[in-house]
Amino acid sequence: MKRLLILIEPDKEFASALERFVREGEFRDRLDIRRFTRCEQLEAVRMENKEAFPLVLHAETIAEEEVNRWLGRPQNILVYRLSESPECADVPAENLIYRYQPFRTMLRDLLLRAAEQTGESGGIRTAFREGRTSVIAVYSASGGSGKSVLALNMAAQLAAQGRKALYVSLEAVSSSALLIPDGPPDSFSRLLYAWRKSRERAAEYAELLQCRHPAYGFDYLAPFPNIREADELNAEDVRSLVGRIAESGNWDVLLLDLDSAVRPRTLGALKACDYVVWLVAEDSHALYKTRKVREALNSMESMDTCAGKNLFVLNKYTGREVNMAIDVDVTLFGTLPYIPSWKNVPDPAVWLNEPVFAAQVGRILRRLYEGAEAV
């Protein structure tokens with residue numbers, strides 16, 4: 001159900017631009033906007049509106065007392081000031097919306113504030129897989145294996161197919177920042193903070209905080225802002241958070257880009273996912289690490305259900321015969337081609353625009369959706 005947004009803004013150019021953004025963009029199914037230049041125009045809205053918790057966003061030049069006088073300020077109306085500065089001494093922070101920021105960030109913040117204040121849950125869409133989000137983790141025992149490139153290519157292809165994909169990096173230092181545009185730098189941190197306050201509403205908070213890639217159409221949460229915060233996330237945090245998002249069905253696929261180091265957050269993600277697309281490389285260093293990490297995971301009683309999820313994919317495949325069963329007891333689920341031009345990449349955007357690589361990623365996704373059997 002749409003929520004009514006009442007905008008009281010004397011600046012007609014600003015108001016018109018915001019109204020157009022709401023009506024024509026991704027918020028059109030979540031907000032019904034009505035804009036006014038003066039408070040006295042609100043009386044008709046008060047009489048006709050029956051929806052619970054409509055939102056009022058008013059310019060700083062309009063006093064809240066004036067807004068309340070014309071609306072009658074029933075308990076089910078939430079009033080926010082559109083402030084010229086990020087902070088204001090006479091208005092609580094939860095009722096302040098900063099004016100000079102992208103409309104998408106502003107509206108997401110507004111909806112998040114409203115959700116926190118009212119305790120309402122967001123609408124749930126039907127997911128691709130029986131009302132539940134499929135969770136795919138991309139992992140490798142060796143750093144620099146191409147995990148982020150693969151995960152982001154998967155996200156882009158899913159979005160191109162019309163499926164909702166959410167990309168989340170759990171790396172302490174994520175190279176995905178090179179491939180996704182700048183979004184709110186603290187979106188993942190804010191999700192964790194909000195989730196710890198109300199775990200039942202994790203998926204709602206994730207949806208409000210996610211960014212959408214303007215070129216490829218998948219959703220993402222900005223990576224960890226610092227290593228310390230990443231290392232404070234434990235296995236149960238990740239397992240529970242991923243589970244909440246999966247149960248909501250708000251996305252068709254949740255793609256987890258994991259850290260190669262066997263951190264608690266990595267173990268939590270491996271337990272919570274449906275499949276692990278495990279990248280391997282045909283060199284002694286990478287194969288040794290793969291074997292040792294598999295042995296360690298198999299020895300952990302808490303990870304005894306994870307072995308059957310692993311789908312091993314050989315990266316940088318050159319076309320010659322490969323048999324990894326002898327060295328590491330691995331049967332390949334798929335391969336990804338070696339791209340010589342990627343040896344020196346001045347612009348990381350080419351990683352999402354390589355047709356040969358993308359075609360093979362598409363084959364892996366088709367196999368997953370046809371019903372992959374983990375090996």
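Worth knowing before you read on, the calculation uses all heavy atoms, side chains too, and leaves out hydrogens, waters and symmetry mates. On a predicted model such as this, the values are computed, not experimentally measured, just so you know.
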Just one of I364, L365, V361 clears the side chain to side chain contact (heavy atoms under 4.5 Å, CB included) bar with N153, so which one?
->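 Going through I364, L365, V361 one by one, the side chain to side chain contact (heavy atoms under 4.5 Å, CB included) with N153 is satisfied by V361 alone.
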Quick check: closest heavy atoms across [X] and [Y], and the distance to 0.1 Å?
X: E236; Y: N234; value: N-OD1, 3.1 Å
X: I245; Y: T133; value: O-OG1, 3.7 Å
X: P337; Y: Q360; value: CD-CB, 3.8 Å
X: R35; Y: A15; value: CD-O, 3.6 Å
X: A272; Y: K309; value: N-NZ, 4.2 Å
X: S299; Y: A296; value: OG-O, 2.7 Å

Would you mind listing every salt bridge (charged side-chain N to carboxylate O under 4.0 Å, His left out) that reaches into residues 140-158, with sequence neighbours excluded?
->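 Sorted result for residues 140-158: K147-E171, K147-D257.
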Decide yes or no on side chain to side chain contact (heavy atoms under 4.5 Å, CB included) for L256 and I136, but give the supporting numbers first.
-> CA-CA 6 Å; L256 301 176; I136 300 173; over 6 Å; no
Is the cationic atom of R367 (NZ for Lys, CZ for Arg) positioned less than 6.0 Å from the six-membered ring centroid of F333 and within 45 degrees of its normal?
->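 Cation-pi check for R367 and F333: passes.
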With sequence neighbours excluded, residues passing salt bridge (Lys or Arg N to Asp or Glu O under 4.0 Å) with [X]:
X: R20; answer: none
X: R28; answer: none
X: E9; answer: R99
X: E65; answer: none

side-chain hydrogen bond (donor to acceptor under 3.5 Å, both in side chains) involving D11 - partner list, sequence neighbours excluded |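 Testing D11 for side-chain hydrogen bond (donor to acceptor under 3.5 Å, both in side chains), a comparison that skips the adjacent residues, returns none.
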Is it true that the side chains of D219 and W251 contain a donor and an acceptor less than 3.5 Å apart?
->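 Note: D219 and W251 side chains meet the donor-acceptor criterion.
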Do Y100 and E84 have a side chain donor and acceptor closer than 3.5 Å?
->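 The criterion, which ignores hydrogens and geometry beyond distance, is satisfied for E84 and Y100.
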So, does [X] use its side chain to make a donor-acceptor pair with the main chain of [Y] at under 3.5 Å?
X: Q210; Y: E207; answer: yes
X: N95; Y: V79; answer: yes
X: Y139; Y: L279; answer: no

Test D237 against every option in R244, R196, R263 by the salt bridge (charged side-chain N to carboxylate O under 4.0 Å, His left out) rule and name the one that passes.
->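 When salt bridge (charged side-chain N to carboxylate O under 4.0 Å, His left out) is applied between D237 and each of R244, R196, R263, only R196 qualifies.
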Start with the C-alpha gap between V168 and L255, add the side-chain angles, then the distance that decides, and say whether side chain to side chain contact (heavy atoms under 4.5 Å, CB included) holds.
-> CA-CA 6 Å; V168 177; L255 285 160; over 6 Å; no
When clusters are formed by joining ILVMFWY residues with side-chain heavy atoms under 4.5 Å apart, either directly or through shared neighbours, do L314 and Y338 land in the same one?
->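 Hydrophobic grouping puts L314 apart from Y338.
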For the residue pair W342 and F357, does the interplanar ring angle fall in the parallel (under 30°), tilted (30 to 60°) or perpendicular (over 60°) class?
->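 Ring orientation of W342 relative to F357: tilted.
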Answer yes or no: is there an ion pair linking R265 with D259, defined by an N-O contact shorter than 4.0 Å?
->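 Between D259 and R265 there is a salt bridge, with a charged N closer than 4.0 Å to a carboxylate O.
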For I8 and T37, what are the C-alpha separation, side-chain angles and deciding distance, and is it a side chain to side chain contact (heavy atoms under 4.5 Å, CB included)?
-> CA-CA 5 Å; I8 313 170; T37 57; over 6 Å; no
Greater than 12 external heavy atoms within 6.0 Å of E295's CD |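 Counting other residues, nucleotides and ligands, CD of E295 exceeds 12 neighbours.
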Pair Y220 + Y167: ring centers closer than 6.0 Å =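 No, they do not, as the ring centres are separated by 6.0 Å or more.
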